[in-house]
Structures are given as structure tokens and as C-alpha cells.
Amino acid sequence: MPVLTSSSSSSSSFTSISLSIFLLLILYNTTVICSATTRTKTTHPNRQLSVNYYAKSCPQVEQLIGSITSQQFKESPVSGPATIRLFFHDCFVEGCDASIIISSKQQGNKMLAEKDAPDNKDLREEGFESVRKAKAVVESKCPGVVSCADILAISARDYVHLAGGPYYQVKKGRWDGKISMASKVASNIPQANFTVDQLLKLFSSKGLTLEDLVVLSGAHTFGFAHCQNFVSRLYDYRGSKQPDPVIDPRLLRALRMSCPHYGGNADIVAPFDVTTPFVFDHAYYGNLEAKLGLLASDQALSLDPRTKPIVQALAKDKQKFFQAFAAAMEKMGSIGVKRGRKHGEKRKDCSMHML
Ligand code: HEM
Ligand SMILES: [Ca+2]
Ligand SMILES: [Ca+2]
């Protein structure tokens, strides 16, 4: 148990951090699939959506979806982070239109769908599975009425709440998109080594602010990342042949045990939040202040003078984070929303376009 013994001199809280990393690295051997995005303008976000959209056509839609999300959460808690990330990758490419859920056609490699783009290859299958199951139960009661994009938005909210986060109303009325192209993904999904400038540029192209960036990054309060996304921080930070100076030495040691510089197991993952990896809380921000951020893009938020004060405020106040997160999810959930048959469709099977 090298990870455990290596922290012998540390406080008991760090021993439990090491333990949690160690166990999670072993337990989570993941396969992932991802999606892609295109730069989407946020035109009249909320005018198009409403909380009561299905009040007449499918009044029980939220309970139907809730029966699936609560069951999935019990059986497989990683469905939570998986689905919230799926929603993020959906909204950032072509808007929140379930373009991420489309499967590539089987003929050759031409025209791969978003989910098969390299930046989406780590999206966990549990997120897709959860939407598929929710869609099946919704179709059995309200056939042809509820879009896959709305099912994804509602499911993401359910999982935030189930994991201990805020409950918020979801505005509905998104139609599903008719376009899903792998080539649109790379320029719309942030990378783990992005600087705050790069993050800001991308987020503002979606109509999201500096504060939205910091608040939405708080979704990294739960879930996991593969070694490849942070391994350069452990051994050769930005070409220095040294580890990132802004990483707690005990975390560095623990992560190095699991993620060798070369030749490690590509399936190994580490928790974003070493303290409460399954709980949706505000611990992520306190961790950033304690140099316990996992990705360079996370840690950068507590270093840049523009974002640092927001990190500090959220680290102090869980209710503030919860309230801001709910508001930012509503904003993200209205990116590039489509209405009507010209640009949209209501799919029967979320993975296939209608003909
Ligand atoms: C700010 C820029 C962001 C960057 C650079 C980023 C990057 C990443 C990376 C590299 C992973 C790990 C993937 C893997 O190795 O399997 C990840 C996971 C995750 N991301 Fe982000 N992300 C960002 C923002 C967001 C936002 C805005 C959300 C949602 C609101 C989000 C939610 C998640 C979740 C929940 C996971 C864990 C998924 C799982 O365990 O299955 N991320 N992200
Ligand atoms: Ca999309
Ligand atoms: Ca947490």
C-alpha cells in the first residue's frame, strides 16, 4: 500500500485523502465516450424556455425522469458526474440540443458524430445510459413529446441534487439538433491545460462570464479524471522537467504512485475532489486554495487575480455556491437553444436523427 505508507507523517485528514485516492484509483476503471461542440451564440436565452413547457403535454415528465435518475444514482453513483459532464459537452457544441448523444453512422469513418471526437472519448457510458433509460420511460407515457435535450437538462439537475447539491427548476422547450459532427468539437471544449485567458475566451464565446467559469468549474467537486489529463503537472510542468510548484507535495506523491510519467495504465483515474469525491459540495474551492487542484485549469482559478476572489468567496460560503451554480446551469442550459422544425427535431431514439 505505497500510497498509504507514504503519508505516514501527515495529518489523519491527509491519510484519508491518500486512502480515498488509492481506493478510487483501483475502483474506477472507466471507459468513456465523448462529444463535440461548435461555437454557438447565445441568442435570447431564456425567452424560449419555460418551467411549465410540458404542463399540458406531459405533466409527469420530471417524475418519470426522476424515477430513473434516483435508481441509477443508487446503482451507479458515477452516473451523476457522467451526466453533468455530458450536459456541459452538449451545450458547448451546437448548443443544448442533444447533439452529443447522436451515434456515428456505421459506414466508414466519414462524418463521425460528436461523441466519437477525441475530446469526447472520455465521456462515461453511464451518462448516455441514463438518458436512454429516461427517454424510454418518458416515451412510454408521452410519446413524441419530450426532447432528448430537455431530458438531459433535467437529469443533470436531478444528479446535482441527489449528490447533495442544490435543487433548481429546469426551464424546458429545447428541441433536439439535426447536426452532430465530430469536427465541431475540438474548438469548443476546453483542455485540462488551458490558461485562464483561454478558458475565458471560450466561455465568453458562449455568453458566459468570468464568474460563470469559476462557478461551473465547481462541478469538479465530484467525478474523476484520467492520468493523461494531469500527468505533465506531476513530472514536467510546462517543459520545466519539474512538477508544478503549485501542487501539495503529499498530493503529488500520491498521484505519482498511480500515474507514472510513461507507460502507466491508461484507464486509471483520480478524483477531482480528494476530500469528498462523490458529494456535490463546495469543497472544490477550499481544495484549490490548499493546492489540491487536479487539473492545471482548476488550479489556475485560484491563482489568477481575476478569478481568485471568486474562488475565495465560494470556498467560504456553500449556500452562495449552490445558488450561483443553479443560476449558471440555467445560463449554460440555454446556450444555442433551438425551437421548431426548421432547426430542430424531437427524436424517438436519442442516438438517432429523425429521417
Ligand atoms: C472550465 C473548463 C473545464 C475543463 C478544462 C474541464 C476538463 C475536464 C477533464 C479533462 C475531465 C476528465 C475527463 C476524464 O479524464 O475522464 C473532466 C471531467 C469532468 N468535468 Fe470538466 N472541465 C471543465 C469544465 C466543466 C464544466 C463547466 C462542467 C459542468 C458544469 C464539468 C463537469 C465535469 C465532470 C462532472 C467531470 C467528471 C466526469 C466523470 O467522472 O465521469 N467540467 N473535465
Ligand atoms: Ca449540442
Ligand atoms: Ca465534493
Side-chain angles (χ1 to χ4, degrees), residues 24 28 30-38 40 77-102 114-115 119-127 148-149 152 156 159-160 163-165 174 176-177 179-181 184-185 188-196 198-200 202-203 206 208 212-230 266-287 294-298 300-301 307 325 328-329 332-333 335-338:
L24 291 163
Y28 285 91
T30 56
T31 36
V32 193
I33 307 176
C34 273
S35 69
T37 24
T38 41
T40 322
V78 293
S79 303
T83 305
I84 287 137
R85 184 166 190 236
L86 192 61
F87 185 49
F88 164 48
H89 282 218
D90 183 31
C91 293
F92 267 51
V93 184
E94 297 282 355
C96 308
D97 66 348
S99 57
I100 184 70
I101 299 176
I102 291 290
E114 288 174 22
K115 74 181 283 195
D119 292 288
N120 283 332
K121 74 179 191 325
D122 283 340
L123 289 176
R124 257 181 228 276
E125 198 47 55
E126 284 88 343
C148 300
L152 178 54
Y159 285 121
V160 167
R174 300 166 188 82
D176 298 327
I179 297 169
S180 175
M181 289 164 62
K184 305 245 171 129
V185 176
N188 289 289
I189 293 295
Q191 299 290 326
N193 61 357
F194 264 23
T195 61
V196 172
Q198 289 171 306
L199 293 170
L200 273 179
L202 179 62
F203 275 63
K206 309 293 177 192
L208 299 171
D212 296 328
L213 164 65
V214 179
V215 167
L216 288 169
S217 296
H220 290 170
T221 183
F222 64 176
F224 304 86
H226 291 79
C227 296
Q228 63 175 57
N229 288 308
F230 55 85
D267 292 335
I268 301 273
V269 295
F272 273 104
D273 176 347
V274 289
T275 56
T276 54
F278 285 101
V279 182
F280 195 101
D281 55 12
H282 67 323
Y284 167 82
Y285 298 103
N287 292 343
L294 188 61
L295 306 183
S297 58
D298 292 316
L301 298 176
T307 46
F325 189 79
M329 284 292 271
M332 186 176 90
I335 296 173
V337 162
K338 303 175 175 68

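All ligand and atom numbering here is 1-based and tracks the order in the structure. Atom set for the values below is all heavy atoms of this structure, side chains included, hydrogens, waters and symmetry mates excluded.
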Flag, side chain of Thr221 to backbone of Val279, donor-acceptor distance under 3.5 Å: yes
Are the side chain of Asp90 and the backbone N or O of Asp97 linked by a donor-acceptor pair below 3.5 Å? yes
Numbered atoms of ligand 1 (with element) below 4.0 Å of [X], judged on heavy atoms:
| X | answer |
| --- | --- |
| Phe203 | 1 (C) |
| Gly223 | 37 (C), 40 (O) |
| Gln191 | 5 (C) |
| Leu295 | 7 (C), 8 (C), 9 (C), 10 (C) |
| Leu199 | 1 (C), 2 (C) |
| Ala219 | 28 (C), 29 (C), 30 (C), 31 (C), 32 (C), 35 (C) |

Residue portion contacting ligand 1 (non-hydrogen atoms closer than 4.0 Å) for [X]:
| X | result |
| --- | --- |
| Leu216 | both |
| Ala225 | both |
| Phe194 | neither |

State the [atom1]-[atom2] distance between [X] and [Y], to the nearest 0.5 angstrom.
| X | Y | atom1 | atom2 | answer |
| --- | --- | --- | --- | --- |
| Leu202 | Leu208 | CG | CG | 9.0 Å |
| Ser297 | Gln191 | OG | CD | 9.5 Å |
| Thr276 | Asp281 | OG1 | CG | 3.0 Å |
| Tyr284 | Thr275 | OH | OG1 | 12.5 Å |
| Lys206 | Asp212 | NZ | CG | 14.0 Å |
| Met181 | Glu94 | CE | CD | 8.0 Å |

Output the atom name for the N/O/S atom of Asp273 with the smallest distance to the Ca ion (ligand 3). OD2
Would you name the N/O/S atom of Asp281 that lies closest to the Ca ion (ligand 3)? OD1
For atom 1 (C) of ligand 1, which candidate among Ala82, Ala156, Ser217 holds the nearest heavy atom? Ser217
Taking atom 3 (C) of ligand 1 as the point of reference, which of Ala163, Pro81, Pro190 owns the nearest heavy atom? Pro190
Ignoring hydrogens, what is the shortest heavy-atom contact between [X] and [Y]? Give both atom names and the distance.
| X | Y | result |
| --- | --- | --- |
| Ala300 | Thr307 | O-OG1, 4.1 Å |
| Pro271 | Leu294 | O-CD2, 3.6 Å |
| Ala149 | Asp176 | N-OD1, 2.8 Å |
| Gly127 | Ala82 | N-CB, 3.6 Å |
| Tyr159 | Ser79 | OH-CB, 3.6 Å |
| Gly80 | Phe222 | C-CZ, 4.0 Å |

Is there an N/O/S atom in [X] at a distance below 3.0 Å from the Ca ion (ligand 3)?
| X | value |
| --- | --- |
| Thr221 | yes |
| Thr275 | no |
| Val279 | yes |

Check contact between [X] and ligand 1, using heavy atoms of the residue and a distance below 4.0 angstrom.
| X | answer |
| --- | --- |
| Val78 | no |
| Phe87 | no |
| Phe224 | yes |
| Leu213 | yes |

Quick check: does [X] put an N/O/S atom under 3.0 Å from the Ca ion (ligand 2)?
| X | answer |
| --- | --- |
| Ser180 | no |
| Gly95 | yes |
| Asp90 | yes |

Intermediate values then yes/no, side-chain hydrogen bond (donor to acceptor under 3.5 Å, both in side chains), Gln198 and Asn193: CA-CA 10 Å; Gln198 289 171 306; Asn193 61 357; over 6 Å; no
Can you find an N/O atom of [X] closer than 3.5 Å to an N/O atom of ligand 1?
| X | result |
| --- | --- |
| Arg124 | yes |
| His220 | yes |
| His226 | yes |

Nearest to the Ca ion (ligand 2) - the N/O/S atom of Asp97, by atom name: OD1
Test Phe224 against every option in Phe278, Phe230, Phe272 by the ring pair (Phe, Tyr, Trp, His ring centres under 6.0 Å) rule and name the one that passes. Phe278
